Amino acid sequence: MSPHIAPLRSEDAQAAAEVLGRAFVDNPVNVAVIGADPERRERCNRAGVEAYLPAALEAGWVAGAWQGPPLAAGGERELCGVLVAMPPGAFPLPVPGFLAAMRLLWQQGPRVASRFGDVARTLSALHPAEPHWTLATLGVDPLAQGRGVGSALLAAFTSVVANDGLAAYLDTDREENLAFYRPSGYEVIGTTRILGVEVHQMLRRPDPANSSR
């Protein structure tokens, strides 16, 4: 059954944080920043999403993927994937407010929060100069991976970008993701090493038919 793709709502934020917390638990940068304990990595990931998702919902294009029977059939769909993207000028997101920032610092710990900040600043400086969308996050719950959830989310985002006639940019620390993004038009434009981990920068150039908009 194909996933149902729809805009993420504020009431879905907690479920989204849980999905993304699990989705990125084994990513190399997260392991390098947080350490060997997978439960701690999941907690820190979830805390980061909880801190920044409200701003993303306000300024960006945020979609969720749900699996399960249609609501008309009396079933209850479950959130299994999330994509967060920022239009030109909206990235990077503003830092959370004081209370949210203090809560994040307490949940992640000073060392992890500081290292995530360093990573974010390093990656932000690598963005291309041309106006572009930023695909900030695409994560699928590990139990739902391999079912087309990520592909469905990416296709929905690619449609938005293509209609805008703008480039789209992302970075990934997983080598296997290169083959996932390339069929959608993304090309590697650079690679940098952060905390001993290779992070690839990928760019999808505007479709020629729409680039004059």
Side-chain angles (χ1 to χ4, degrees), residues 2-9 12 16 19-20 23-24 27-30 45 48-49 52-65 79-94 116 119-141 145 148-194 197-213:
S2 299
H4 172 67
I5 308 298
L8 199 76
R9 305 162 299 175
D12 301 317
V19 167
L20 293 177
F24 291 95
N27 274 48
V29 166
N30 283 18
N45 291 346
V49 176
Y52 284 95
L53 190 57
L57 286 168
E58 183 175 340
W61 190 88
V62 186
L79 184 69
C80 58
V82 178
L83 186 150
V84 179
M86 299 292 117
F91 185 89
L93 290 169
F116 267 135
V119 170
R121 284 186 289 274
T122 298
L123 293 177
S124 293
L126 300 175
H127 280 231
E130 66 186 283
H132 62 277
W133 279 82
T134 299
L135 201 175
T137 302
L138 198 175
V140 177
D141 192 297
Q145 291 175 7
V149 176
S151 296
L153 283 166
L154 183 59
F157 172 64
T158 300
S159 178
V160 172
V161 171
N163 288 336
D164 271 0
L166 295 171
Y169 173 86
L170 63 89
D171 53 61
T172 178
D173 60 349
R174 300 193 76 110
E175 195 75 21
E176 62 269 29
N177 282 351
L178 303 184
F180 172 73
Y181 287 113
R182 278 179 174 136
S184 297
Y186 289 87
E187 301 174 352
V188 176
I189 60 171
T191 300
T192 190
R193 186 171 289 273
I194 302 176
V197 176
E198 284 193 343
V199 180
H200 304 285
Q201 294 81 56
M202 305 189 76
L203 184 69
R204 183 186 188 277
R205 303 185 188 281
D207 294 331
N210 297 327
S211 60
S212 60
R213 291 185 180 183

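In this text the structure is predicted, and so the values were computed from the model without any measurement.
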With [X], which residues qualify under side chain to side chain contact (heavy atoms under 4.5 Å, CB included), at least two apart?
{"X": "A168", "answer": "W133, F157, V161, Y186, R204"}
{"X": "R174", "answer": "D26, N27, P28, T172, E176, N177"}
{"X": "E187", "answer": "R205"}
{"X": "V49", "answer": "A17, L20, L53"}

Side-chain contact, heavy-atom cut-off 4.5 Å: [X] with [Y]?
{"X": "L178", "Y": "M202", "result": "yes"}
{"X": "D173", "Y": "E198", "result": "no"}
{"X": "T192", "Y": "Q201", "result": "yes"}
{"X": "F91", "Y": "L135", "result": "no"}
{"X": "S184", "Y": "T158", "result": "yes"}
{"X": "W61", "Y": "L83", "result": "yes"}
{"X": "E130", "Y": "L203", "result": "yes"}

Nearest heavy-atom pair of [X] and [Y]: which atoms, and what distance?
{"X": "P94", "Y": "Y52", "value": "O-CE2, 3.9 Å"}
{"X": "A90", "Y": "A59", "value": "CB-O, 4.1 Å"}
{"X": "T191", "Y": "V188", "value": "OG1-CG1, 4.1 Å"}
{"X": "L153", "Y": "A63", "value": "CD2-O, 4.0 Å"}
{"X": "L79", "Y": "G64", "value": "CD1-CA, 3.9 Å"}
{"X": "A56", "Y": "V62", "value": "O-CG2, 3.5 Å"}

Identify, with sequence neighbours excluded, every residue that meets side chain to side chain donor-acceptor pair (under 3.5 Å) alongside S124.
-> none
Side chain to side chain donor-acceptor pair (under 3.5 Å) partners for H127, two or more places apart = H132
State the CG-CG distance between L123 and D171, to the nearest 0.5 angstrom.
-> 4.5 Å
About how many Å separate CD1 of I5 and CG of L8, when rounded to the nearest 0.5 Å?
-> 11.0 Å
Residue from V29, V19, N30 passing side chain to side chain contact (heavy atoms under 4.5 Å, CB included) with F24 = N30
Could you give me the CA-CA distance, side-chain angles and deciding distance for R193 and V199, then say whether side-chain contact (heavy atoms from CB on, under 4.5 Å) is met?
-> CA-CA 6 Å; R193 186 171 289 273; V199 180; over 6 Å; no
